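Notes for the one structure printed next.
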Amino acid sequence: MLKHLEIVWSNSSLQNALSIKNYLRINFSEKEIDTFYLLLSAFENAVTLFPELYPSTSKNNEIRRAVLSRELSAFYRIKSKKNEVLALIDNRCDLSKWL
């Protein structure tokens, strides 16, 4: 039987998600917002069942990077039987803080 790990979103990752959603709402259509939510849902489902699915970053072995799309990555860590989402980052930005 597979263990399911709870997903916990940090305040900064929630702020990232809201900023991305607002950007999509202003610059694109509802379709892109729906796609964004589908990406987040697929990510949550995957790491709930397979927390070590995505590779660790070279900067910190505890932090993992899930590339959700060409434009978007989620950074998370496995902590106390939970997956803690630390940030949602646009891949076109400077990722040196994370990688």
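As the structure is a prediction and not an experimental result, all values here were calculated from the model.
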Do any side-chain atoms of residues 34-42 form donor-acceptor pairs under 3.5 angstrom with protein atoms, and if so which ones, sequence neighbours left out?
{"unit_1": "Thr35", "atom_1": "OG1", "unit_2": "Lys31", "atom_2": "O", "d": "3.0"}
{"unit_1": "Tyr37", "atom_1": "OH", "unit_2": "Lys21", "atom_2": "NZ", "d": "3.4"}

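Of the inter-residue distances, the one linking Leu72 atom CG with Ile20 atom CD1 reads 5.0 Å to the nearest 0.5 angstrom. The line from CG of Leu86 to CG of Asn11 is 12.0 Å long, rounded to the nearest 0.5 Å. To the nearest 0.5 Å, the span separating CD on Glu62 from CD1 on Ile78 amounts to 10.0 Å. Of the inter-residue distances, the one linking Asn83 atom CG with Glu52 atom CD reads 9.5 Å to the nearest 0.5 angstrom. Between the CD1 atom in Ile63 and the NZ atom in Lys79 there is a gap of 10.5 Å [rounded to 0.5 Å]. Taking CG from Leu53 and CZ from Phe43, the interatomic distance works out to 9.5 Å, rounded to the nearest 0.5 Å.
Screening Leu88, Thr57, Asn16 for a side-chain contact (heavy atoms from CB on, under 4.5 Å) with Phe75, the sole residue that qualifies is Thr57.
Taken together through direct or relayed side-chain contacts under 4.5 Å among Ile, Leu, Val, Met, Phe, Trp and Tyr, Leu18 and Ile89 form parts of separate hydrophobic clusters. Hydrophobic clustering of Ile, Leu, Val, Met, Phe, Trp and Tyr side chains at less than 4.5 Å, counting indirect connections, unites Val47 with Phe50.
Ser56 and Asn61 form no side-chain donor-acceptor contact under 3.5 Å, judged by distance and modelled atom types alone. Arg65 and Ser73 form a side-chain donor-acceptor contact under 3.5 Å, judged by distance and modelled atom types alone.
Not counting sequence neighbours, the partners of Glu6 by the side-chain contact (heavy atoms from CB on, under 4.5 Å) test are Val8, Lys82. The side chain to side chain donor-acceptor pair (under 3.5 Å) test applied to Ser10 returns Ser12, Ser13, not counting sequence neighbours. By the side chain to side chain donor-acceptor pair (under 3.5 Å) test, Arg64 pairs with no residue at all, sequence neighbours left out. Listed by chain and residue number, Arg92 satisfy the side chain to side chain donor-acceptor pair (under 3.5 Å) test with Asp90 (two or more places apart in sequence, or in another chain). In this view, Glu32 and Ser29 satisfy the side chain to side chain donor-acceptor pair (under 3.5 Å) rule, not counting sequence neighbours.
Using a 4.5 Å heavy-atom threshold, the side chains of Arg25 and Ile33 count as touching.
A pairwise comparison of heavy atoms in Glu44 and Ile7 identifies OE2-CG2, 3.7 Å as the closest pair.
Tyr76 contributes a side-chain N or O that, together with a main-chain N or O of Pro51, makes up a donor-acceptor pair within less than 3.5 Å.
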